[in-house]
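Okay, so here's the structure we're looking at.
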Amino acid sequence: MSVSVETRDVSITFGAGPAAVRVLPSVSFSVAPGECFGLVGESGSGKSTVLRCISMLTDIWTGDILINGKSVREMPLIERCRTLQMVFQDPYGSLHPRQSVRTVLNEPLVIHRLGDREERMRKAITDVGLPVSFLDRFPHQLSGGQRQRVAIARALILEPSLLLLDEPTSALDVSVQAEILNLLQRLREERGFTYIMVTHDLAVVDHMCDRFAVMLHGEITEVLPREAIPVNGATHPYARELIGASLEYESAH
Amino acid sequence: MSTRTASTFRLPAPLLALKNIVLFLLKSPTSAFGLAVLTLLILVAAFAPLIATHDPYAQDLALTLQAPGNGHLFGTDELGRDIFSRLVWGARITLTIIFLVSIVVGPIGLIIGTTAGYLGGKVDTVMMRITDIFLSFPGLILSLAFVAALGPSLNNAIIAIALTSWPPIARLARAEAMTFRKADYISAARLQGASPARIIVKSIMPMCLPSVLIRLTLNMATVILTAAGLGFLGLGAQPPLPEWGAMIATGRRYMLDSWWLVTFPGISILSVSLAFNLLGDGLRDALDPKQMNRR
């Protein structure tokens, strides 16, 4: 069930020759099966872009992305969908405003011709801690946290092994953030998912991730284990500064 | 939606939405007026044989150009036909034109617009240049050309009007589709393996539908006027069909002595196109997504 992810030299360049703009200079990292890998960095450092590259939502990159040794680019669409899924940052924008939860969950099952739809939908919705009656609700009848749970259920319903989490909690209240993080934690323990999680909250990394990479201007400055956060064990000056600032902020509270 | 389990005491979602929209429209006097006139039009058209007092084609040369009264509510025309009955039967023709034009124009505009808007690139360029070509002709002139080529008849007038009124709708749908194509829920649908056609039909079209419906309703006034204009020029419905525009055209010659020949068809055209405009305005408020969310 668990899969490993390896990205080698992933880069995005617009234009050619001397006028070429390298949006993402070069990103390489590897994630072990069942690991939760964090990507942190300031806004615009390319964290979300990396996720969009892995999920093939952006397909203009060069380099290699391997999932369990298989290139994402060569993976057939159907197989790719059942291997990786993504949870987006903004739960208000990631659910179709005119589709009920039932439609949202039913669509992927129809596309992939899976049977026992009602059963699967019920399981997905209870897995994320919502009552089955929520299936008939529309997004505007749900709170932010409930919407994010539905978005997670939508990601789970195709039974992927890799979940790409694009700041899944940043649009939510602090109390709801903890709920969603605990939910993600529990799901990982139960199913052995591999997570790649984008965030700029080091506290979230500390809570969730085994290792994390600090990104700056589209490059990974340093990959660190979680244990490096409290002691600020980074060697790269930018990573040290980022973790230092976060620790200062934490202690000030 | 098909798998929805029926709940016994609640209306199904589409019907409930329709009820909400109608209730909303009735709150404002102008859109309520529009809705009332159109309901009346539909009822009159549906029960034309019961409402009409005379046969719309029955001539009575002894009673030509009779003023209103004397058993002829709106008087008689130059061949002694009852104008009220002709107006009642003419409602059917008007409704037919509106209905046929809408079911041709709406889907064509929606499909072309959403496809161009969602796919972008070369598809967008090709489709939009074709729409530009159609847009660059004045509607009535292009309709005239089509009718002249195909021969004057009601069906050809409908085809001609349909051919000239889809481009604005396609433009609108494209603009709407372009605002939604980058949304996260579209990305999510792509990640679930949905094909572009599926995304367009299931995710983009429902989002574009309200504005297309509004535009279509507002367009109806123009459609009625164009149909009446073609009828007036003798290129639309042919005599003896009781089409309102054609009635004005033939009545024109007797206008100075017998005002009722042109006045009543004129008032009908005016009130129906006004009603569509007011209803379109009301729909714009009723289908506004922010208003929808409040329900």
Side-chain angles (χ1 to χ4, degrees), chain A residues 48 51-52 54-59 76-100 102-113 117-118 121 132-133 135-141 147 150-151 154-155 157-158 160 163-164 166 171, chain B residues 1-14 16-18 20-21 110 114 118 120-121 176-177 179-213 287-295:
Chain A
S48 299
L51 288 197
R52 293 183 79 88
I54 297 175
S55 63
M56 291 292 291
L57 282 174
T58 304
D59 57 0
L77 178 68
I78 294 293
E79 190 189 335
R80 180 171 12 111
C81 297
R82 301 210 58 184
T83 309
L84 63 89
Q85 281 296 325
M86 190 154 163
V87 177
F88 295 88
Q89 175 176 6
D90 176 15
Y92 291 88
S94 69
L95 294 179
H96 195 292
R98 309 246 159 143
Q99 285 178 352
S100 66
R102 183 183 295 277
T103 319
V104 166
L105 297 181
N106 193 38
E107 273 297 284
L109 297 176
V110 174
I111 295 168
H112 291 262
R113 300 207 178 86
R117 290 190 201 139
E118 192 63 33
M121 283 192 279
V132 174
S133 62
L135 278 176
D136 288 312
R137 292 217 181 175
F138 282 84
H140 62 85
Q141 298 167 316
R147 283 175 189 231
V150 172
R154 173 177 63 189
I157 200 149
L158 287 177
L163 273 190
L164 305 171
D166 188 357
Chain B
M1 288 279 170
S2 54
T3 50
R4 174 186 291 274
T5 44
S7 54
T8 42
F9 45 86
R10 258 203 309 176
L11 283 167
L16 199 69
L18 190 70
N20 279 333
I21 290 169
L110 194 61
T114 48
Y118 177 69
E176 290 263 305
T179 61
F180 299 124
R181 65 194 266 207
K182 293 279 178 222
D184 278 348
Y185 52 82
I186 304 292
S187 297
R190 279 170 61 199
L191 277 182
Q192 286 162 351
S195 62
R198 192 178 192 95
I199 291 177
I200 290 172
V201 173
K202 297 245 171 174
S203 301
I204 303 262
M205 280 191 185
M207 298 304 288
C208 300
L209 207 55
S211 41
V212 165
L213 272 181
L287 295 180
D288 184 9
K290 284 178 208 134
Q291 307 260 13
M292 292 296 272
N293 288 351
R294 228 176 281 153
R295 274 171 216 137

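Protein chains get the first letters and strands the later ones, always in sequence-line order, with residue 1 at the start of each.
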With a 3.5 Å distance limit and no angle check, can you tell me whether A:Gln99 reaches the backbone of B:Lys202 through a side-chain donor-acceptor pair? yes
Which pair of non-hydrogen atoms, one from A:Phe88 and one from B:Ser187, has the smallest distance, and what is that distance? CZ-CB, 3.6 Å
Interatomic distance, CD@B:Gln192 vs NE2@A:His112, rounded to 0.5 Å, equals 7.0 Å
Could you tell me which non-hydrogen atom of A:Arg98 sits nearest to which non-hydrogen atom of B:Pro206, and how far apart they are? NH1-O, 3.9 Å
Return yes if some donor-acceptor pair links the side-chain N/O of A:His96 with the main-chain N/O of B:Tyr185 below 3.5 Å, else return no. no
Counting only non-hydrogen atoms closer than 4.5 Å, does A:Leu95 touch chain B with its backbone (N, CA, C, O), its side chain (CB onward), both, or neither? backbone
Taking all non-hydrogen atoms of both residues, which atom of A:Met86 and which atom of B:Leu191 are closest, and how far apart? CB-CD1, 3.2 Å
Honestly, the part of A:Arg154 sitting under 4.5 Å from a heavy atom of chain B is both
